[in-house]
Asker: 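Quick one: the structure is below, and I'll ask about it shortly.
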Amino acid sequence: FYVVDNQPEGKETHVQGESDVLLRTQTSGVQAHVMEAKEPPIYMICPGTVFRPDTADANHLPQFTQVEGLVVDEGITFGDLKGTLDYFTREIFGKDRATRYRPHFFPFTEPSCEVDVSCGVCHGKGCRFCKNTGWLEILGCGMVDPNVFRNCGIDPEKYTGFAFGIGVERVAALRYDLPDLRMLMTGDMRFLKQF
Ligand SMILES: [Zn+2]
């Protein structure tokens, strides 16, 4: 695919075959479209392929699958966010795994967090797999910023909500202890048939 390189002074380089379409870097646009089109309550997920300017290595893929979730309703609190994501974590990784919510910045949620799950290899003691921290980052989340609601025609005095985004390949790698994300992309049936 092509990314148009916008030059200074408004000069754009157009090479034949180039397009000014940018492949999406996240699926958050789906959430905005749903909030514009529907009245709360909203409980939704949007799975989809996203693209990043990353070089593929053991921990990064230039193309991966994201699942975003959004809840908008009356009386939704940070406790609902934590309860939902803790439930998700226990179902995916097992009941013995702890979660940790680290403050972080995301443009469309406030407050925002990154969520870590305790390392399943060392159970939080620290090892090479978790870079000696005892924790593995699994997702980003936060309470929807009131300005996002205003821009989508939803009354932020009446409704609150939370959103989260998960990288499917990364969660699969953590659940199945895959040493390299690229293993999911090579199409080797001997590997894929294990699942
Ligand atoms: Zn560890």
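Read the numbers this way: they start at 1 and go in the same order the structure lists the ligands and their atoms.
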Asker: Before giving the answer on side chain to side chain donor-acceptor pair (under 3.5 Å), spell out for Thr109 and Asp145 the whole-Å C-alpha distance, their side-chain angles and the decisive distance to 0.1 Å.
Answerer: CA-CA 5 Å; Thr109 49; Asp145 192 305; over 6 Å; no

Asker: Quick check: are there more than 12 heavy atoms from other residues, nucleotides or ligands sitting under 6.0 Å from CZ of Phe108?
Answerer: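 Atom CZ in Phe108 is not crowded, with 12 or fewer foreign heavy atoms closer than 6.0 Å.
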
Asker: How close do Trp135 and Ala98 get, counting heavy atoms only, and between which atoms?
Answerer: CZ3-O, 3.7 Å

Asker: Around the Zn ion (ligand 1), how many protein N/O/S atoms fall inside 2.8 Å?
Answerer: 4

Asker: Applying side-chain hydrogen bond (donor to acceptor under 3.5 Å, both in side chains), which residue pairs with at least one partner in residues 185-195 are found, sequence neighbours left out?
Answerer: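 Applying side-chain hydrogen bond (donor to acceptor under 3.5 Å, both in side chains) to every pair that reaches into residues 185-195, excluding sequence neighbours, yields Asp188-Arg190.
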
Asker: Can you tell me how the ring of Phe191 sits relative to the ring of Phe195, calling it parallel under 30°, perpendicular over 60° and tilted otherwise?
Answerer: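 Ring orientation, 0 to 90° scale: perpendicular.
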
Asker: Indicate whether any N or O donor in one side chain lies under 3.5 Å from an N or O acceptor in the other, for Thr65 and Glu169.
Answerer: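 Yes, because at least one side-chain N or O of Thr65 sits under 3.5 Å from a partner of the opposite role on Glu169.
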
